[in-house]
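Counting starts at 1 for both ligands and their atoms, following the listed order. One-based numbering along the sequence shown.
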Amino acid sequence: MSSVGLTTTFKNSVCAHKKDNMKLNEHLADCDSDLRELILRISEVTKKIAKGFASRQSYSDTRNIYGEQQMALDKWADEVIIDDLKGSGIVKYLASEEQPEVLEFEGATGDLGVTLDPLDGSSLIGVNLAVGTIVGIYRGNVLSPGNQMVGAMYVLYGPLTILTYTVKKGVHEFVLNDDGEFVTHEENIRIPDGKIYAPGALRKNYLPFHMKFIEALESEGYKLRFSGSFVADVHQIMHKGGVFTYPGFVSKESGKLRLLFEANPMGFIVTQAGGATSDGRRDILSVQPEAVSHRIPVYIGGKKEIDLIQKLSAEE
Ligand code: AHG
Ligand code: MN
Ligand code: MN
C-alpha cells in the first residue's frame, strides 16, 4: 500500500457497453420533453459550430469580463447558441462566460437555466487542437450550487465531434457520423482507475499541499497530459482515469477556472460517471456561487485522487 494511498488496483474498468447507431433523439426519448429539446437544440447548433472554425481564426478587438481577449470564434459560438436558445421558449435564464450578466429571456414559458462556455480551450484554435462547448442545465436560477443541476453536456471538436450528456441517468457519449447525425459511441461511461494527471498553473506558484499532491502522483508514475483545453483534458481523464487539476496558486488562491461555466458542468458529468470533484477542501458541486464570474480551484477525477488532495489540504 502506498503511503499516500494511491495504489492502483488495475481492475478491469470496462463498465460501458456499446449500442451502435442509436440516434441522440431516440436516446433522449424518456427524458423530460424540455430537457430533451434543449439537448437536441444544442446538438444542432454545435454541428454548425463544428463547421465554422476555418473562417473564424482571428482575434476580435474585445475582452470578456475576465480580461481575456476574445476570439472571433468565442463570440460567434456564443451568439449562435444564445440566438437559438433565446427563441426556444424553454430557456428562462442563460449565463455565458462571454457575457457580463445572467440573461433573462422574457416570454419564455419554460423554466430551464443554462450555463455556457461556448468555446473552451480557445487559445488552441490556432494550433488545431481539440476544443469544446460546455453546458450546465438547471431548473430556474443558475446561481445555484452545481448539485442542483438537472443535466450537463459538452461537445468536443477534435478529429471526431463528440457529444457527451447526462441527465442523472448515466453518462452517454455520441459521435457525429458521416451523415451528420449524433449516434451512440459509448453508453454508461464509468471513470476507470488510471494514471494520467493534467496539472494546470505554474509549478513555481504551487501552494504547499498542492505540491505534495503533484509529487505523490509523480512518485506513483502518473503520466502528464495537459493540453490547455479543460474540456479535452477532462474528457481524457474520464476515459483513462486519473485527475485534472487547475489549482489555486500563490497570488491567486481562487485559481483560474470558472465555477459556473467550467468546474460545475464537467465536475457534475465526471461525478455521474463515478468520479468526484473538489476545490481541494470540499465538493465543488456544493459551493454556492457568489457571482457569475466566481473562480475556483479545480480537481476532477477518480475518487482516490480527490480523497488524497482533501487529505493533504486538511493536514496543513
Ligand atoms: P477558455 O478557452 O474558455 O477561456 O478556457 C481556457 C481554460 C481551460 O480550457 C484550460 O484548462 C485553461 O484555461 C488553460 O489555462 P493556461 O493557459 O493557464 O494553462
Ligand atoms: Mn473555458
Ligand atoms: Mn471559453
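- Considering backbone and side-chain atoms alike, F230 places an N or O below 3.5 Å from some N or O of ligand 1.
- Residue S229 has no nitrogen or oxygen atom sitting less than 3.5 Å from a nitrogen or oxygen atom of ligand 1, judged on distance alone.
- Using a 30° and 60° split on the angle between ring planes, Y165 and F174 fall in the parallel class, below 30°.
- Ligand 1 places these atoms under 4.0 Å from at least one heavy atom of E68: 4 (O).
- Looking at E262, its N, O or S atom nearest to the Mn ion (ligand 2) turns out to be OE2.
- With waters neither drawn nor counted, the protein N/O/S atoms under 2.8 Å from the Mn ion (ligand 3) amount to 3.
- A salt bridge links E44 with K47: the distance from a Lys NZ or Arg NE/NH1/NH2 to an Asp or Glu carboxylate oxygen falls below 4.0 Å.
- Contact check on R139 versus D111 returns a salt bridge, with a Lys/Arg side-chain nitrogen under 4.0 Å from an Asp/Glu carboxylate oxygen.
- In summary, D120 and R258 do not engage in a salt bridge, as defined by a charged side-chain N under 4.0 Å from a carboxylate O.
- The ligand atoms of ligand 1 that sit less than 4.0 angstrom from a heavy atom of F226 are 19 (O).
- Among R258, K256, E98, M266, the residue whose heavy atom sits closest to atom 4 (O) of ligand 1 is R258.
- Interface of D117 with ligand 1, defined as ligand atoms under 4.0 Å from a residue heavy atom, comprises 3 (O).
- Looking at ligand 1, you'll find an N or O of G121 within less than 3.5 Å of one of its N or O atoms.
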